[in-house]
Amino acid sequence: MTKTLKKVESSLHGKISVPGDKSISHRAVIFGSLAEGKTEITGFLDGEDCMRTIDAFEALGVKIEKDEQSIIIHGNGVSGLKEPERPIYLGNSGTTARLIMGVLAGLPFHCVLHGDESLSNRPMDRITVPLRKMGANIDGREEGKYLPISIRGGNLRNIQFQSPVKSAQVKSGVLLAGLLADGKTEVKESAITRDHTERMLQAFGGMVSVEEDRISIDGKQSLRGANVQVPGDISSASFFLVAAAIVEKSHVTLENVGLNQTRTGILDVLKKMGASIQVKVKDPIGGEPIGDITVSYAPLKGTVIEGDIIPRLIDELPVVALLATQAEGETIIRDAEELRYKETDRIAAVVETLKTFGADISGTEDGMIINGKTELSGAKADSYGDHRIGMMIAIASLIAKGEVQLTNPECINISYPEFFDDLAKISSTLS
Ligand code: S3P
């Protein structure tokens with residue numbers, strides 16, 4: 001499918017409530033499935049990735065009810081999980097893959113996992129290596145580097161694990177395995193990554209100790225069902241934050257967005273580049289801080305984005321690159337090599353795509369260099385099947401001088417099925 005997108009006729013105005021946070025939605029299903037008793041999740045993201053997590057736990061024998069308002073999980077504890085009859089399909093979802101491997105490593109049965117073409121080419125050794133050290137039997141393509149992977153788990157021993165990659169998925173997979181293992185498991189991070197697993201574990205009655213970059217968990221804890229309210233996803237909100245920052249005279253508010261410190265790097269970067277931002281902090285929900293964010297257009301300047309901020313905005317970097325094309329001067333993004341292992345190689349995809357729009361951008365091994373401000377032209381651009389590249393292209397079309405033809409827009413359903421409806425609410429471009 002191809003979608004034709006046109007430049008916005010005037011400025012962007014209005015309010016949007018973005019859908020539920022993807023990372024938190026996945027974890028709510030996982031913890032609800034490991035717990036004893038009922039879990040009710042409201043504000044759940046019904047994007048394709050989170051549906052794969054629901055399917056996976058249903059395949060492991062968990063009863064999950066879905067309606068318009070909520071997801072209800074009837075948990076029977078870890079011992080209630082059963083060997084699946086068929087291989088489990090994980091679609092495009094890296095989070096489902098890395099986290100469920102941690103769970104399966106602790107379960108005394110056999111399971112095969114497979115995914116779509118993109119997921120089948122993403123590295124899984126980052127999680128299979130520590131899980132094998134804990135005692136799980138794992139095999140797979142190229143010795144367990146890639147899906148399909150088969151796991152026969154059970155009888156795990158604890159480890160002290162220093163994660164070589166800055167990845168919340170790896171940290172969470174090992175912590176989940178640690179929850180099912182004997183003894184105390186410790187994960188040391190090389191940079192602080194999103195901490196939704198640690199927070200949600202506590203909401204389900206579990207105990208985890210966090211000392212800066214060192215997280216430890218006692219094994220064999222039992223969890224009890226909980227009610228989880230999922231905040232709006234700041235990664236989804238960031239597309240509209242950037243849109244308001246680059247379309248002249250705009251003024252847009254994103255309501256009830258998660259403001260967890262490990263995720264708000266995009267706000268720091270927008271401020272540093274000169275955007276006008278107001279944050280109205282509200283009462284926390286589900287153990288997570290939230291608030292309304294308002295962005296108004298203001299002239300932008302280039303900046304350097306590097307170091308510890310990178311994991312705090314890793315998913316936002318494609319749209320940050322677009323933002324940088326509209327800032328005066330040079331923007332440098334470095335220390336972001338992880339972008340090469342996402343749904344697509346996001347350094348290559350962003351550079352290729354923004355060049356076709358006429359941007360002055362080049363890729364480096366671990367980032368990008370962008371020189372602005374550049375007037376963008378119309379283009380034919382492909383999403384590469386990557387939701388965040390698809391949404392970046394749609395936001396670029398708001399300021400591009402000619403028509404934009406976006407091929408493969410369907411992948412946006414992975415994290416934001418209502419994206420074009422929400423865009424239409426604040427603009428008058430879309431037919
Ligand atoms: C996620 C962690 C990040 C992020 C992904 C979601 C999570 O991946 O890019 O979209 O929910 O833990 P990595 O852990 O690979 O950095």
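Both counts, for ligands and for their atoms, begin at 1 and track the order of listing.
- At distances below 3.5 Å, at least one donor-acceptor pair connects side-chain atoms of Asp345 with backbone N or O atoms of Ala348.
- For atom 12 (O) of ligand 1, the nearest protein heavy atom (residue, atom name, distance) is Arg27 NH2, 2.7 Å.
- Salt bridge status for Asp292 with Lys282: present, with a side-chain N to carboxylate O gap under 4.0 Å.
- Counting only distance, with no hydrogens or angles, the side chain of Gln169 and the backbone of Arg98 share no donor-acceptor pair below 3.5 Å.
- In terms of protein heavy atoms, atom 1 (C) of ligand 1 is closest to Gln169 NE2, 3.6 Å.
- At least one donor-acceptor pair closer than 3.5 Å links the side chain of Arg27 to the backbone N or O of Ser23.
- In summary, the atoms of ligand 1 found under 4.0 Å from a heavy atom of Ser23, numbered by their order in the structure, are 1 (C), 6 (C), 7 (C), 11 (O).
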When the side chains of residues 317-327 are checked against the rest of the protein, which donor-acceptor pairs come out under 3.5 Å, sequence neighbours left out?
unit_1	atom_1	unit_2	atom_2	d
Thr325	OG1	Leu322	O	2.6
Gln326	NE2	Thr374	O	3.0

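- Ligand 1 places these atoms under 4.0 Å from at least one heavy atom of Lys342: 3 (C), 4 (C), 8 (O), 9 (O), 13 (P), 15 (O), 16 (O).
- Close approach to Ala168 involves these atoms of ligand 1, each under 4.0 Å from a residue heavy atom: 12 (O), 14 (O).
- For ligand 1, none of its N or O atoms has an N or O atom of Arg388 under 3.5 Å away.
- Protein heavy atom at the shortest distance from atom 4 (C) of ligand 1 is Asp315 OD2, 3.3 Å.
- Minimum heavy-atom separation, Ile127 to Val170: CD1-O, 3.9 Å.
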Kindly determine whether Tyr416 and Asp233 satisfy side-chain hydrogen bond (donor to acceptor under 3.5 Å, both in side chains), including the steps that lead there. CA-CA 10 Å; Tyr416 201 160; Asp233 195 326; over 6 Å; no
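- For ligand 1, none of its N or O atoms has an N or O atom of Ile314 under 3.5 Å away.
- For Ser167, a nitrogen or oxygen atom sits less than 3.5 Å from a nitrogen or oxygen atom of ligand 1, counting backbone and side chain alike.
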